[in-house]
**Student:** 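Pasting a structure below so you can have a look.
Here is the naming used below: chain letters follow the sequence lines, and residue numbers restart at 1 for every chain. FYI, side chains are in, hydrogens and waters are out, and symmetry mates aren't considered; it's all heavy atoms of this structure.
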Amino acid sequence: MADETPKAEELIQIDHRPPAKQWMDVPVNIRKGMYCYASNPKSVEYLGLPNARPWNPIEEDWKLPENWQQILHEGFKERLEKFRSIKVFMDICVRCGACADKCHFFIGTGDPKNMPVLRAELLRSVYRNDFTLMGKLLGRYAGARPMTIDVLKEWWYYLFQCTECRRCSVFCPYGIDTAEITMFGRELLNLLGLNIDWIATPVANCYRTGNHLGIQPHAFKDMIDFFCDDIEEITGIRVEPNFNQKNADILFITPSGDVFADPGTYTAMGYLLLFHFLKEKYGLNVTWSTYASEGGNFGSFTSHETMKRLNAKMYLEAKRLKPKWILGGECGHMWRVITQYMDTMNGPADFMEAPVNPITGTRFENAKSTKMVHIAEFLADLIKHGKLDLDPSRNDNKIVTFHDSCNPARGMGMLDEPRYVIKSVANHFFEMPANTIREQTFCCGSGSGLNAGENMEERMAGALPRSNAVKYVHEKHGVNMLACVCAIDRAALPAAMDYWVPGVDVTGMTELVANALIMPGEQERTTDLRGEPLPGMEEADE
Amino acid sequence: MALIEQLGLKKDPIVKKWFAQVVDTYPAETARFLRRQSDPFANPVGQTTLQGLRTLIDLLGAGFDVKSVQEALDPIIRIRAIQDFTPARATRFVFELKRIIRDEVPENQRSSEELQRMEHLIDEMALTAFDIYMQCREKINDLKANEMKSRTYKAFARAGLIKEPDGE
Ligand code: SF4
Ligand code: SF4
C-alpha cells in the first residue's frame, strides 16, 4: 500500500479520467457487492446439474471441468440449432445503440458493459469466433474473440447484472431481446456449474418441497392459519381457506414469497379475505394447494429444462384436483413463464375449461389456452361489474403510485388492470413520469434471482432509475405507498426505498383491495391489515 | 468586484466545468451519455449531479448553511457510494472546485483573503461529503446484514419451520 502512494508532484499529474480503452481490453474486475455468492454444491447436486463443487467467484481458480471450452462450444452449438431466436439475435444486431442507455444497470452503475448491446456482445464476440466465417478469418477486426477464462468470468459477472427485464428490447428496432440472450448465456454457464446460490438453492427447494423456501406442506398451512388469526383480530371474521380440495371452482397459486415475507404476507391476507368474501356472497369455491405452493419459478433463471421441471407441478396439481381453471397471484416472472412458455412447455391443459368468471360471466379470452388468469384481471372484472363492496376511504392515508413489474407489463402487456383496481380502492393515486412506467417501466433492480443480500450495491444501482422516479412523486405529491403486483418487488423494493426514498412503503395490489373490502358481518375496523390505524381511527387504536 | 459577485457572474461556466470534472470520472462512453441526456428520469445520475452542483455553487455564494449543503450533496454522494469508486475518488470532485474557481475568476478580481475564505468553505463541503459517504456505506452494510432478517423468515424461523435441502 505505502509503496503505491504517489509523490506530491505526481499527484498534480493524476488524471481523474479513467483511461480510454476498447471494451475488449478492459479486464473484468469482480467487485464486492456486485455479485451473488456461488451456488451451494448440495443444491446443484440435488438437481442433478453439472459440476457441483464449492467455488468462489473472487478466487483465481473456478474449478472448471478440464474440457470446459469444449462443453461451452457444444452447448452453444446445440442451442443455436434448437432456438431460432438465439441464432437471429446473434446475427442481426446492427449496433445502432438505441438500447445502449436504456438498461437500469447501465444507468445506475455507469459501467459501459451494462449497456445491453455490450452485454450481448460478450456472447456475440465468441459466437463470431466459433461459428462465423468472418469471425474465423478476421478475428478481432470482425468483433470476434476466442473463449478464455477471462471472457468466461466476464460473462458470469455481467450475465448476473441483467435482471432479464426486457426494457432494452422495447427500444430495439429489430426487437432483439437481450433478456433471452441472458437466459441463454446463464444456461450455458450452468453447464459448467456456474450458478449463484440465491437461484440454485431456491430451485432445489422448490423441486423438493414445492416452493423456493423449502417450506413443507404442514408449515405452509400453519403459516396461512397464522394469517387467519390476524384477520380475525382485525375484522372479527374467521376466514376458512380450503387446501387441496378436489373439484373446487378455482385452484389458486401464488409465489411463496407472499406467504413468508413481509410485506407480501399482507397481500396473502388480502387473498384470503377476497376468497372468503366471494364464497360468502357468491358461493365461489377457491382452493390453495400445498403441493403447487410456489407460483414463482427460479428455474427460469437457470435453464429451460429446469424451468419446465418446476412449472410442471401447476398442471399436475390441476389434473389431480380438477378445478375449472387456475387463478394466479401477484408475481412477475411467474407470469412470464405462464404466458410465454407454459402452454407449449407443459400444455396443452385441455383437461380444464376455458376460464369464465362464474360471478360475472366474463370469458378470459387471453387465458383460453393456458387456463390461468391473473388476479388483477379477475379483480378488475369483479370491480367493473360492481361485485365487490368497497370503501376506498379506508386507504385515504395512503398516497399511492404504481410500479409496473417488468414481466406483467412487458411480458404479458398487463398495464391497465392493476391501475383500474388500485384506483377503485384508493382515492389518492399519482403516476410516475411517462418514461418510467407501463412498457417503459424500470426494473426493481433485483429480478431474475438477484435479490440476495451480499450484492446490495448491485441492487441499489439497479434500483436507482425506478427509485428516482418514486422520489419525484414522493416530493411532488407526497406519495408514501409504492404499489406493485410482484412478489420480488415486494421483497426487494423496501430496501431500495430505505436507501433512496425513505418514507415510502411497498404494498401489493390485493392488500389495498382487502383494506377497502367490506366483508359481510365484519366488526368496525380500526386498523388496516398491517395493524396501522385507519384514517380517522388514530385515537381508537390507542 | 468581490469574489462572491464574480461567482454569481461566472456561475454557468463554473458549474459546467465542475460537472465535466465529475462526469469524467466515468468511462468515456458513460461520460458522453451523462453529459448529453437531459431528461432527469432517463439520466438520473447526470441530472441529479448537475442539479446538486448548481445548488452548491449558489450556497457558496449565499451564506453557507450546513444543512442545505448536506441536502445538495447527499443525492450526488448517495449515487457515488454504490458505484465503482474508492472513497477518495467518490468525493474528490469537491476539491476540484478550488482549481476551477481560481481558473475562472481572474487574479485581479479576487483578494487572497476572499479566496482563502472560500477555499475553507470548500474544505468544509468536502468534509460533509465524507460524512455522507460514510453514512451511505453504513446504510448499505446495514441492509446487507438485516434486510433478510427483518422481512423474511421471521415467523417461520421462529416456528422452526425452515428446512434446508440437505437437512436430512
Ligand atoms: S433485459 Fe433489462 S437488465 Fe437485461 S440488458 Fe436489457 S434492460 Fe438491462
Ligand atoms: S437496439 Fe437492437 S440493433 Fe440496436 S444495438 Fe441494441 S440490440 Fe443492436
Side-chain angles (χ1 to χ4, degrees), chain A residues 16-18 20-21 23 26 29 31 33-34 40 42-43 46 100-102 106-112 115 201 204-205 207-209 213-216 219 222-223 226 257 260-263 265 432-433 435-436 442 453-454 456-458 460-461 464-465 467-469 472 491 494-495 498-500, chain B residues 21-34 36-37 39-48 75 78-85 89 92-93 96 136-137 139-157 159-168:
Chain A
H16 53 269
R17 277 174 303 192
K21 273 188 188 159
W23 72 268
V26 180
N29 166 29
R31 181 161 71 94
M34 295 299 288
N40 181 340
K42 283 178 186 141
S43 301
Y46 190 84
D101 55 1
K102 304 304 188 297
F106 170 67
I107 295 171
T109 61
D111 181 343
M115 293 176 172
T201 293
N205 282 334
Y207 194 52
R208 180 170 155 277
T209 58
L213 291 155
I215 301 159
Q216 296 184 331
D222 283 354
M223 195 64 197
F226 289 146
F260 86 96
D262 296 344
T265 47
M432 286 182 271
N435 55 346
T436 72
F442 276 116
E454 63 270 17
M456 198 53 76
E457 284 86 342
E458 173 185 14
M460 291 303 112
L464 165 58
S467 307
N468 180 59
Y472 175 75
D498 202 2
Y499 187 74
W500 295 113
Chain B
Q21 294 267 353
V22 182
V23 158
D24 280 341
T25 57
Y26 294 89
E29 302 91 323
T30 308
R32 215 172 305 132
F33 162 71
L34 294 177
R36 282 191 198 155
Q37 176 55 267
D39 181 318
F41 303 105
N43 176 15
V45 173
Q47 289 303 309
T48 302
R78 193 160 292 276
I79 292 170
R80 297 175 74 79
I82 51 134
Q83 292 179 328
D84 190 8
F85 295 114
R89 283 176 54 82
R92 180 190 159 112
F93 72 90
E96 308 274 6
C136 290
R137 293 306 312 169
K139 184 82 216 171
I140 290 290
N141 289 332
D142 173 53
L143 287 172
K144 277 186 189 175
N146 296 320
E147 185 204 28
M148 290 303 141
K149 257 181 269 162
S150 64
R151 301 207 180 275
T152 52
Y153 292 101
K154 230 175 12 192
F156 273 99
L161 296 175
I162 290 180
K163 280 199 122 203
E164 306 281 297
D166 54 311
E168 60 250 273

**Student:** Heavy atoms, side chains only, cut-off 4.5 Å: are Ile107(A) and Phe41(B) in contact?
**Tutor:** no
**Student:** Which one wins on heavy-atom pair count under 4.5 Å against chain A: Ala81(B), Ala28(B), Pro27(B)?
**Tutor:** Pro27(B)
**Student:** Counting heavy-atom pairs under 4.5 Å with chain A, which one of Ile79(B), Asn43(B), Val23(B), Val45(B) comes out on top?
**Tutor:** Ile79(B)
**Student:** Can you name the closest pair of heavy atoms from Asn468(A) and Pro40(B) and give their distance?
**Tutor:** ND2-O, 3.1 Å
**Student:** State, with a plain yes or no, whether a side-chain heavy atom of Asn435(A) is found less than 4.5 Å away from one of Asp39(B).
**Tutor:** yes
**Student:** Does any non-hydrogen side-chain atom of Lys144(B) lie less than 4.5 Å from one of Glu454(A)?
**Tutor:** no
**Student:** Can you tell me which portion of Met432(A) sits under 4.5 Å from chain B's heavy atoms? Options are side chain, backbone, both or neither.
**Tutor:** neither
**Student:** Tell me, side chain or backbone of Arg137(B) under 4.5 Å from chain A's heavy atoms, or both, or neither?
**Tutor:** side chain
**Student:** Any idea which of Pro465(A), Ala100(A), Gly453(A), Ser467(A) has the most non-hydrogen atom pairs under 4.5 angstrom with chain B?
**Tutor:** Gly453(A)
**Student:** Which heavy atom in Met460(A) sits nearest to a heavy atom in Ile140(B), and how many Å separate them?
**Tutor:** CG-CD1, 3.7 Å
**Student:** Is it the side chain or the backbone of Pro112(A) that comes within 4.5 Å of chain B heavy atoms, both, or neither?
**Tutor:** both
**Student:** Compare all side-chain heavy atoms of Asp111(A) with those of Thr30(B) and state whether any distance is below 4.5 angstrom.
**Tutor:** no
**Student:** To the nearest 0.5 angstrom, please state how far the NZ atom of Lys139(B) sits from the CH2 atom of Trp500(A).
**Tutor:** 13.0 Å
**Student:** Please report the shortest heavy-atom distance between Arg78(B) and Tyr499(A), naming the atom on each side.
**Tutor:** O-OH, 2.8 Å
**Student:** Between Leu34(B) and chain A, which part of the residue has a heavy atom less than 4.5 Å away: side chain, backbone, both or neither?
**Tutor:** neither
**Student:** Keeping Gln83(B) on the side-chain end and Gly108(A) on the backbone end, is there a donor-acceptor pair under 3.5 Å?
**Tutor:** yes
**Student:** Within the 4.5 Å heavy-atom criterion, are Asp84(B) and Arg31(A) side-chain neighbours or not?
**Tutor:** yes
**Student:** Please give me the minimum heavy-atom distance between Ile82(B) and Glu457(A), naming the atom from each residue.
**Tutor:** O-CB, 3.9 Å
**Student:** Against chain B, label Thr436(A) side chain, backbone, both or neither, depending on which of its atoms sit under 4.5 Å from a heavy atom there.
**Tutor:** side chain
